[in-house]
Amino acid sequence: MHLVPGDPFIGAKAIPQATKDAMYAKYGLDKPLFVQFVLYVANVLHGDLGISLADKRAVVDIIGQAFPVSLDLGIRSLIFAFIVGLLLGIVAAVHRGKAGDTAAMLVALIGVSVPSFIIGALIQYFLGLKLFQATGVRVFAIMGWTGFNSKILPAFALAFGSMATISRLMRTSMLDVLSQDYIKTAKAKGLSQTQIIWKHAVRNAIMPVVTVLGPLVAAVLTGAFVVENIFAIPGLGKYFVQCVQSNDYTVISGTTLFYGAFLVFANLVVDIVYGLIDPRVKLTGGKE
Amino acid sequence: MAKKTQPAAPAEVLQYDPKGHIDTAAFERIGTDTADMEAIARPSISFWKDAFNRVRRSPTAVICTILLVILIIGAIFIPFFSTFSISQQNVAFSNKPPMSVDSLTNGVHIFGTDALGRDIWVRTWAGARVSLTVAFAVAIIDCLVGVIYGGVSGYFGGAVDNVMMRIVEIISGIPYLIIVMLLMIVMDRGLGSIIIAYSITGWTGMARLVRGQVMSLKEQEFLIAAQAMGAKPRRIIGRHLVPNILSVIIVNVTLDIPNIIFTEAFLSMLGLGIAPPNSSWGILANDGIAVFQQYPFELVVPALFICVTMLSFNLLGDQLRDAFDPKLRR
Amino acid sequence: MEQILKVENLHVSFDSYAGEVHAVRGVSLHVDAGEVLAIVGESGCGKSVTAQTIMKLNPMPPARIKEGSITLCGKDIVAASEKEMQSIRGQMVSMIFQDPMTCMNPTMRVGKQLTETLRKHKHLSTAECKEEAIKLLKMVQIPNAEQRALQYPHEFSGGMRQRAMIAMALSCNPKLLIADEPTTALDVTIQAQIMQLMGKIREETGTAIILITHDLGVVANLADRVAVMYAGKIVEHGSAHDIFYRHAHPYTSALLRSLPTVDTDRNEQLVSIPGTPPDLYAPPKGCAFASRCKHCMKICREQQPPEFTIGENHTASCWRLHPDFPGSAAKSSESKEADA
Amino acid sequence: ACSGSTTTSSGAASTAASSAASTAATSLYKGTSDPDMVTVDMRAEPPELNTVQTQDVASADILRMVMSGLIRLDKDDNPQPDMAEKWEVSADKKTYTFHLRKDAKWSNGEPVTAKDFIYAWEQGMDKSNGATYGFILYTNIKNGQAYFDATKTAPAKRTADEKAKVAAAEKNLGCVAKDDSTIELTFENPLPYALQLMAFSAYMPLNQKAFESIGADKYAKDAKQIVTNGAYKISEWTHDDHIILEKNDAYWNASNNQIKKVKYLMMKDANARMNAFKAGEVDCINLTGDQITQLTNEGQAVQKYVAGSNWYFQYNTKKKGLDNAKVRKALGEAINLDSFVKDVLKDDSVVADGLVPTNIKGANNKYYADGREKLDSYNVEDAKKLLDEGLKEAGLTKDSLKLTFITDDTSVAQQQAAFFQEQWKSALGLSVELKPMAFKARIAAMNQGNFDIVLAGWSPDYNDAMTFLDMWTTTNGNNNGKYSSKEYDSLIDKATKEADVAKRQDYLRQAEKLVASTDCAVYPLYFQVVPYTTTSKISGMTRSGFQEYDFSDGATITKK
Amino acid sequence: MDKEKLITLEHISKHFHVGKKQTLVAVNDITMDIYKGETLGVVGESGCGKSTLGRVVMGIYHPTKGVIKYREKPVDLKRTKDRFAYSEKAQIIFQDPYASLDPRMTVGTIISEGMEIHNMYDAKKRQERVYELLETVGLNREHANRFPHEFSGGQRQRIGIARALAIEPEFIVCDEPISALDVSIQSQIINLLKELQQKLGLTYMFIAHDLNIVKYISDRIAVMYLGNLLELANSDEIYSHTLHPYSKALLAAVPIPDPDKEAQKKIQVLSGDVPSPINPKPGCPFASRCPYADDTCRTKSPELREVRPNHFVACHKVEVETN
Ligand SMILES: Nc1ncnc2c1ncn2[C@@H]1O[C@H](COP(=O)(O)OP(=O)(O)OP(=O)(O)O)[C@@H](O)[C@H]1O
Ligand SMILES: Nc1ncnc2c1ncn2[C@@H]1O[C@H](COP(=O)(O)OP(=O)(O)OP(=O)(O)O)[C@@H](O)[C@H]1O
Ligand SMILES: [Mg+2]
Ligand SMILES: [Mg+2]
C-alpha cells in the first residue's frame with residue numbers, strides 16, 4: 001500500500017514536520033514497514049482493520065455501515081438480473097430462431113454492450129426525472145437509498161450487464177438441456193411443453209448459470225463503484241472510489257481485504273447453492 | 001453410392017414395372033464397386049477453411065467484421081486526414097451540434113464540437129485508436145501470458161497445477177477493477193499504464209480457460225495416442241495442444257475485448273484514463289455524460305461507438321464460437 | 001388380432017444446414033396387440049426416427065413428415081394436434097431409450113419421475129403416487145424400493161436405471177411400448193436381466209413392444225416379428241423364424257453372418273460387408289444396398305426394388321425376388337449358397 | 001482551508017464588490033415536500049467535525065451551523081457577537097478581552113464557559129494531537145510556539161519532567177480564562193483580523209467532559225458522539241449520504257432561526273444533482289457552467305457568490321527555464337482568460353487582477369481589492385516577446401523547454417487544463433505535457449517540488465489578504481515553487497508587525513504585485529464563483545465565501 | 001511352454017485417487033504373460049479395468065504397484081528413454097474412432113507422426129509408407145490429404161490402425177476397436193486385424209465386451225471383474241470348461257442370434273449390480289453377486305491358481321484338478 005504516491009496526511013497546508021511526525025507516530029506509520037505489516041495482519045485477525053486516514057473513522061465501522069447498503073443493492077440487482085435473465089434465456093431457447101429469441105438476445109446484447117455508467121445516467125434522466133415531470137407521479141426516486149422507489153433504478157442499472165450475461169448463458173444451457181434425452185423422456189410421458197420446461201429443463205439449465213454467480217457477484221461489486229456514485233447511494237463502492245482518489249490506504253487495504261473475503265464467502269455460498277440444486281454434488285465430499 | 005449431384009430419387013420414377021415383365025438384361029450382375037464403396041461424402045477441406053466458410057456464410061459475422069475493419073481503418077487514417085486536429089479548439093464555438101460549420105476555419109464538424117470547441121469527429125476516431133490499441137494490446141498480452149501459464153499448469157498438472165491455480169485464484173479473488181484502479185494511481189497516466197494495469201489481472205481468465213482446455217485435451221484419445229507413440233512434450237504442445245485450443249482462444253479474445261474497452265472507459269470515468277488532449281472513447285463518453293441533458297449528441301456519439309464495437313466483438317465472438325464448435329461438425 | 005399400430009409409407013426428412021436428410025424413406029409396418037416387433041439395422045438407418053415419429057417426439061422442424069400415415073389405436077397420429085399427442089403419449093404408447101444414463105432427469109428423485117405419467121394422466125395424488133412408485137420399482141425387481149424411490153438417478157447403477165425407465169414407461173399400462181435400443185449401453189449380464197424382465201412384462205401385461213436394436217441376439221431372444229432396415233427403408237420383414245432361417249435379402253444374410261457366434265470357427269473368415277452405408281443426404285437412385293451387394297445387378301443401380309411377398313407375412317425388397325430374375329425358382333436356398 | 005478538488009469548476013460573482021448573496025424567492029421549482037425541512041446539496045461528506053482537528057471546507061460548513069465560537073459572521077461576513085457578548089481590543093491590537101454570555105449551553109446541558117475555549121485551544125496547540133490547523137493558534141497566540149514544542153509526547157506518556165515543562169509553558173500562554181465568562185487573548189503580533197479569526201473552526205470551544213468521555217478516537221464521528229453549542233444540532237448522520245440538522249432551541253439567538261430542519265445531501269454527480277433538483281428532491285444545488293446555460297434558457301433564476309478562492313499557475317522556480325521570470329510571465333500572459341471564463345467556465349467567474357480575491361476585506365471597511373493596481377494581463381504579443389527573451393536568457397529553445405502541467409483529475413479540471421495547453425500551443429508554439437493527478441497526489445507532488453507548473457487554488461482561512469500572501473515567503477511551507485525574494489519577505493514581515501491597517505494594506509499590495517507580476521512566481525488566473533439555484537421553498541438563506549450555507553440568520557421556508 | 005514371452009505383467013495394480021482420500025482400484029494385482037504372436041482377449045463388464053490395464057501395458061499409466069517386463073527384462077516406463085524405446089514396439093488402437101484422431105491434422109500427418117518421432121525413414125520414404133499403409137487398411141492414397149472428420153467411423157478406425165502399424169510394432173493393444181462401429185463394419189475391422197496379424201506376426205491384447213468376438217479372435221482369454229483377473233485360459237478351454245461362476249454367468253448371458261437356440265437356453269440371470277471400485281471391500285470381488293458365495297469368499301480374496309493346465313482361476317470354490 002505504501003506504493004501509493006503522496007502522503008495520507010497532506011492537506012493543502014504545509015504541516016510542520018514536527019506535527020507530521022506526531023501524526024505518523026499516532027498511526028504507527030513510523031515503524032519499519034515489516035513491523036507495520038505484521039501489526040496490520042495481527043489487527044486484521046482481531047477484526048481490526050485500522051482507522052481511516054481521511055475521516056478517522058474505524059474502517060470496520062465504515063464497512064459495517066456502507067456495506068449493508070451495497071449488499072442490499074447487490075442482492076436486489078442480482079435477483080433482478082437472475083430472474084429476468086433466466087426468463088429471457090428461457091424464452092430465447094424455447095423460441096429458438098424465432099422472433100422471441102431475437103428480441104431476448106437483442107436485449108442481452110445491448111446489456112453487455114452498454115457500460116453501466118451510460119445506462120445509469122440515462123435511466124436516471126428518463127425514468128427518474130422525465131417520467132416524473134410527465135406524470136407528476138414519483139415513480140422512481142432519483143437518488144438516495146431510502147424508499148423502495150429509490151432502489152429500483154440503481155438496481156436495474158447495476159443488473160443490466162449481469163442480466164445480459166445470465167440470459168445468454170441460460171439460453172445456451174437451456175438449448176443444451178432441451179436436446180438432452182431426459183427431455184425426450186419427459187415428452188414421451190405426455191407432459192406439455194410448459195411442464196417440461198419448468199419441471200425438467202429449468203432446474204438443470206440453471207446449474208451452469210449458478211457457477212458464474214461468483215464472478216457475477218464480483219462484477220456487481222465493482223459495478224457498484226459507478227452506480228452508487230450516479231445515484232448517490234451511501235454504499236461501499238462509492239466509498240472505495242473516494243478512498244482510492246484520496247490515498248486513504250487503510251480504507252483501501254481494509255476494503256480490498258473485505259471484498260476479497262466477501263468474494264470467497266460468496267463463492268462458498270454459490271457452491272452450497274450448487275449443491276442444493278444438483279444432487280450429484282455431495283458437499284461433504286464424504287463416503288460414496 | 002450416389003453422389004450429391006443426384007436429387008433424391010422417389011420411388012415413383014419407375015422405369016421398370018415391378019409387377020410386369022422385366023427384361024433379363026436388367027438382371028445382369030455387376031457386383032460390388034470398391035471405389036464407390038469407399039467414396040467420401042465430404043469434400044476435402046481443412047478445419048480452418050471450414051470454420052472460415054461457416055463464418056463467411058453468416059451475415060451477422062460478415063457485418064460485424066466489416067464494421068470492425070471500418071473502425072480499425074478509420075482509427076488509423078481518419079485522424080491524419082481530418083481538417084481539425086484533436087486538440088484544436090475554438091472555445092467560442094463549443095457544444096455545437098453535428099454538421100456545424102466552424103466559425104473560424106469554415107470546416108465542417110461532422111459530429112459537432114465539444115465543450116472546448118474541439119471537433120468530435122476527429123476526437124472520436126482518435127479515441128478509437130486509443131481504445132482499440134488498448135484492447136488489442138491487452139488482448140495479445142493476456143493471450144500470451146494466459147496461454148503459457150494455463151498451458152504449463154494444465155499440461156504438467158499435479159502439484160505444479162495446484163500451486164499455479166492457487167495463485168490465479170488469489171489474483172482473481174479480488175475484483176479486477178480494484179486492482180486496475182490501484183495500479184493506475186501508482187503509475188503515471190497513459191496508454192502504457194492502462195495496458196499494463198489491465199494485463200496484470202486480465203490474463204487469469206485466459207489462463208483458466210487454457211488450463212481447462214488442456215486438461216480435457218489431455219484426456220483425449222488422440223493425445224494419448226501421440227504419447228503412446230513416444231511424442232515428447234514439445235511436440236505434443238506444439239503440434240496437438242496449441243492447434244486444438246487456438247479456436248477457443250480466438251473466441252475468448254473476441255469476447256474479452258469488449259471488457260477491456262469497458263475498463264478503459266471506466267478508468268476515464270474515474271479520471272484515471274489517459275491525459276488530455278488525447279482522447280479515448282471513455283473520456284468522450286464521460287465528458288458527454290456531463291452535458292448530455294444539454295447536448296445529447298456529445299454522449300450519443302461515443303456511446304454509439306463503444307456500443308457498436310462491443311456489440312460487434314461480442315457477436316463475432318459468438319459466431320466464431322459456433323463456427324469452431326466441434327459439436328457442430330462431423 | 002387387434003392391430004394397435006399401423007404405419008404406411010412413412011417418409012420423414014430433416015432440414016439441416018447441409019441439406020435435406022431423408023432419414024425414413026417409405027416405411028410400412030404394423031404391430032398387433034401383445035406381440036414384439038423388432039426393428040434391426042445399423043446405426044443411422046432410421047430406426048429411432050421411425051420410432052420417435054410414431055410418438056411425434058422429433059422436434060418439428062427440423063423433422064418433417066413428408067408422406068404417409070400412422071394410425072395408433074385407431075387415431076390418426078399425423079393429423080393429431082400437440083394437445084392430443086400429449087394425451088396419447090405415456091398413456092397409449094410409451095418409450096424407453098438407449099442410454100439409461102442420460103434419459104433420466106439428474107435433478108429429480110426417481111420416484112417422482114416414475115409417477116409423473118400417472119400424475120399427468122390419472123391425476124393421482126402425491127400419496128398415491130408414492131405408493132405407486134414403490135409398487136412399480138418392486139415390479140421391476142429393484143430391492144429396497146422405498147428408499148430407492150427417494151434417490152436420485154445418479155445413485156442408481158446403469159441396470160437399475162434402465163429398469164426404472166421400463167417401470168416408468170409401463171406405469172400407465174400403455175398399449176404399446178417402444179424400446180429404442182434398451183440394452184445397448186449395458187453389460188451382458190445386466191442385459192440378460194433386462195431381457196428377462198421385458199419378456200416377463202410382455203407375458204403379464206400384454207403390452208405390445210417395438211424393440212429397436214442392432215443386436216440380433218437380443219432379437220432372437222424376444223421378437224415375434226422382425227423388420228430389417230437399411231438406409232431409411234425396411235428391406236425385409238417377417239416372423240423371427242423367417243428372418244433368421246429363411247431370409248431373402250442379401251443385407252439380412254450378410255448381417256446375420258457377419259458377426260461371429262460362439263460356434264464360429266476361428267480360422268474361418270467372417271462374412272464382411274464392404275463399404276459403408278449410404279449418405280442419407282443424397283440417397284441412391286436404386287437399391288440403397290446395391291453398392292455393397294455382391295449380387296448387385298444393373299437394375300439394382302437404377303431402380304428401387306419394390307416389396308416382394310415371399311410367404312405369409314414375409315416380404316423383402318430385392319430384385320432377385322422378381323419372378324423374371326433368372327434364378328428365381330430356387331431363390332431362398334440358392335441365395336444362401338451364393339452368400340457363402 | 002484549501003480549495004479542494006470538489007469545487008474546481010464553479011465560481012462567479014455578479015459584482016466584484018458583493019460577496020454574499022441572499023436567495024431570491026422566485027423559482028420554477030417548488031422544492032421538497034417536507035414543510036419543516038429544507039434539503040440542500042453539499043456534494044461531499046464532512047470528514048472531520050472535531051473542531052480541533054478539522055481542516056476542510058465541507059466540515060467547516062457544518063461546524064458553522066452547529067458550533068458557536070466567540071464571534072460569528074453576518075450576511076456580509078462581518079464579525080458579530082456570538083458566545084462573546086462584547087469585547088475590548090488593546091491599542092496595539094495585540095490583546096483582546098472577550099466577555100462571554102452567561103446563558104449559553106452545550107447540547108449536553110452544561111454551560112459554555114471560558115474554560116471550554118482555553119481547553120480547545122490548548123488541544124489545538126498540543127503537538128501530540130497533530131492538529132493540522134494548530135499553527136493558526138500557536139503561531140498567533142503569545143508563547144504558543146513554546147507550548148507546542150513542550151507537548152511532543154502524548155499526555156498519557158509524558159514523564160514528570162515533561163509534565164512540568166508543559167505546565168510552565170501553559171502558564172505563559174497568551175490565552176487565559178480570567179473567570180468563567182472572561183477570556184483574555186494576547187497575540188505575538190498585532191492582529192487586525194483577529195475577530196474574523198475567532199469565527200474560524202480552530203478557535204471554537206470544546207466541551208472537555210464530553211470530549212474525554214467519548215474519547216478522542218470516537219469524538220465527532222457520529223451524530224450521537226458530538227456535543228455542540230450552535231444554532232443547530234446534528235440529529236441524523238448517515239455517512240456519505242446525508243446529515244440532518246435540527247434547530248437548537250437553547251441557542252441564544254434561536255428566535256432568529258426560522259427553519260426547523262436542514263438536510264444536507266452528499267451528491268457527487270452533477271447530473272444527479274440537477275435531476276434531483278428538478279424532481280423536487282433537493283432545494284438548493286450548485287451548478288456547472290453548462291447547467292447555468294441550461295437553467296437560464298429554461299427561465300430558472302441562477303445565483304452566485306464569490307467563493308473567496310483564487311486559482312493560479314504555480315511555477316517551480318527551481319526548474320530550468322521556469323527560473324526565468326520572463327518565461328513565467330509569458331506563460332501566463334499567453335492565456336486568454338476572458339475567453340476562458342466566458343467559454344470554458346461559463347459561470348461568470350472573475351478574471352483575476354491580483355492574487356487576493358475580491359471578497360476579502362481590506363482597510364477602512366472596504367474590500368482589499370478595491371482600488372488596487374491592476375496587474376498585466378492577456379497579451380499574446382507581449383507573451384511571445386517575453387518568451388523569446390526569457391528563453392534566450394535561460395539558454396533554451398522552445399523545443400528544449402520541456403514542461404509538464406499538473407492538474408486535478410476531475411474531468412472538469414482536465415478540460416480546463418486542456419484549454420491552457422492548447423493556448424500555450426497556439427499562442428506560443430509551446431508543447432506542454434498534461435499530467436492529471438488525484439487531489440492528494442497533486443498536493444504531494446507540490447510539496448515535494450515534483451512539478452513544473454501546477455494549476456493550483458487556495459481558499460482563505462480567514463478574511464484577510466494575509467492568508468493569500470504570507471505563503472510566498474522564503475521559509476513558508478506552502479511556498480511550493482520555492483520562490484525566494486528578500487524584498488518580498490521583508491514586505492510581509494513589515495505588514496505582520498504593522499498595527500496601522502492602511503499601511504499594512506499598502507505593504508501587502510506591494511508584495512502582491514511583486515510575487516504575481518514583477519517576479520511572476522505565481523500567475524493568478526481567476527477568482528472562483530459558486531453558481532447555484534434554489535427552489536421557491538427557501539428564501540433569505542446566506543451563501544458566501546466564508547459561509548457556504550447559513551440558515552441561522554433569517555432564512556425561511558416559503559409556505560406553499 | 002515353448003512360446004516366447006513378449007510381455008510379462010507381475011502383480012500389476014493401478015489405483016486412482018478420486019475425491020478426498022478415496023482410492024479407486026481400477027486394476028488389482030494382475031499377473032499374466034502375453035506370448036509373442038498370440039491374441040490375448042480381455043473381457044469383463046464395463047468399468048472393470050480393461051482399458052486401464054491396456055493403458056498400463058502401453059505405459060500411458062504408470063502402475064501403482066508391480067513390474068512390467070518386455071522380453072523378460074523389466075522396463076521402467078517412467079523413464080523417458082525406456083518408454084521411448086518401448087513405444088516403438090507397442091501401439092494402441094482406441095475404441096472411439098472420433099476422439100482418437102487429431103481433428104486438426106491430415107490423415108497423412110497422423111499416420112506419419114509416429115515415424116517422424118522415431119526418426120524412421122526419410123521424408124520421401126515416409127510418404128510412400130503412408131500410401132502403402134493406407135492401402136493396407138483398405139483406403140486409398142488420395143485420402144492422405146484429408147481430415148479425419150471427412151471419414152466415416154469404420155474408415156477412421158482403419159486410419160487408427162494404420163497409425164498404429166506405421167512404426168512397425170510387435171504388439172498392439174486393441175481397446176474395444178469395434179464397439180463404436182456399425183454392425184456391418186465390425187467384421188471388416190476384425191478381418192483386417194486378423195489378416196494383419198497373420199501377415200506381420202503381431203501380438204494383440206484385444207479388449208472387448210462382446211464375448212463372441214473375443215472368442216473368435218483370441219487365442220487366450222482373460223476374464224476381469226472389478227479390476228481383478230478371475231480366469232485366464234485358452235479360449236476353447238474357457239468355453240468348454242468354464243470354471244469361475246462369473247465367467248459362467250457371463251457366457252450364459254450372451255444372447256445367440258438364433259431364436260430356436262435362444263428359446264431353449266435356460267439361464268440363471270445374475271441378480272444385483274456391480275459394486276463400486278472405490279475403496280473395495282476385502283474378499284472375493286464377485287462375492288456380492290455370486291450364488292455360491294460363503295463367508296470365506298466375503299473375507300478372503302482368492303488367489304489366481306492354475307487348476308487345469310494353462311487354466312488359471314481365482315475362486316475359492318474351484319478345486320484344483322489333479323490327474
Ligand atoms: N435432428 C436431426 N437432424 C438431422 N438429421 C437427423 C436428426 N436426427 C436424426 N437424423 C438423421 O436421420 C438418420 C436416421 O437416424 P436414426 O437416429 O433414426 O438412426 P438409428 O437407426 O436410430 O441409429 P442408431 O442405431 O445409431 O440409434 C441419420 O442419418 C441421422 O443423421
Ligand atoms: N484417469 C482416471 N481417473 C480416475 N478413475 C479412472 C481413470 N481411468 C479409469 N478410471 C476408473 O477406473 C475404472 C476402470 O476403468 P476402465 O476404463 O479401465 O474400465 P473398462 O473396463 O475399460 O470399461 P469400459 O468397458 O467402459 O471401457 C473405472 O471405474 C473408471 O471410472
Ligand atoms: Mg437410434
Ligand atoms: Mg474401456
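Letters A, B, ... mirror the listed sequences (proteins, then strands); counts begin at 1. All values below were derived from every heavy atom in this structure, side-chain atoms included, with hydrogens, water molecules and symmetry-related copies excluded.
For the side-chain contact (heavy atoms from CB on, under 4.5 Å) test, residues two or more places apart in sequence or in another chain that qualify with A/Ile152 are A/Phe140, A/Phe148. Every residue two or more places apart in sequence or in another chain was checked for a salt bridge (Lys or Arg N to Asp or Glu O under 4.0 Å) with C/Asp180, and none qualifies.
Nearest heavy atom pair, residue C/Val78 against residue C/Ile70, reads CG2-N, 3.7 Å.
Your options are C/Cys103, C/Gly90, C/Ser94, and the one with the most heavy-atom pairs under 4.5 Å with chain A is C/Cys103. Contact count against chain A (heavy-atom pairs under 4.5 Å) is highest for C/Gln113 among C/Lys112, C/Gln113, C/Arg109, C/Arg119.
Counting only heavy atoms from C-beta outward, the side chains of A/Arg171 and A/Asp101 approach each other to under 4.5 Å. In this structure, the side chains of C/Ile210 and C/Val36 stay at 4.5 Å or more apart for every pair of heavy atoms. In this structure the side chain of A/Leu127 never reaches within 4.5 angstrom of the side chain of A/Phe156, judged on heavy atoms. For the pair C/Gln141/C/Leu197, a side-chain contact is recorded, criterion being any heavy-atom separation below 4.5 Å from C-beta on.
For C/Gln52, the part lying near chain A is the side chain, with the backbone staying farther off; criterion is any non-hydrogen pair under 4.5 Å. Residue A/Gln195 touches chain C through its side chain alone, counting heavy-atom pairs closer than 4.5 Å. Contacts of C/Met104 with chain A are made by backbone atoms alone, with heavy-atom separations under 4.5 Å and no side-chain atom involved. Proximity to chain A (any heavy atom under 4.5 Å) is restricted, for C/Met168, to the side chain, taken from C-beta onward. With a threshold of 4.5 angstrom between heavy atoms, C/Ser87 does not approach chain A through any atom at all.
Both tests hold for C/Arg148 against C/Phe156: distance to the six-membered ring centre under 6.0 Å, angle to the ring axis within 45°.
Near-neighbour residues of residues 182-191 of chain A relative to chain C, defined by a heavy atom under 4.5 Å from a heavy atom of that chain, comprise A/Tyr182, A/Lys184, A/Thr185, A/Lys187, A/Ala188, A/Lys189, A/Gly190, A/Leu191. Proximity to chain C among residues 196-218 of chain A is limited to A/Lys199, A/His200, A/Arg203, A/Asn204, A/Met207, judged by heavy-atom separations below 4.5 angstrom.
Here the options are C/Gln86, C/Arg89, C/Glu84, the test is side chain to side chain contact (heavy atoms under 4.5 Å, CB included), and the partner is C/Lys56; only C/Arg89 passes.
Of the inter-residue distances, the one linking A/Leu158 atom CG with A/Met163 atom CE reads 12.0 Å to the nearest 0.5 angstrom.
Side-chain polar atoms of C/Ser171 and C/Glu132 form no donor-acceptor pair below 3.5 angstrom.
Using a 30° and 60° split on the angle between ring planes, A/Phe258 and A/Phe67 fall in the perpendicular class, above 60°. Relative orientation of the A/Phe265 and A/Phe262 rings is tilted, given thresholds of 30° and 60° on the angle between their planes.
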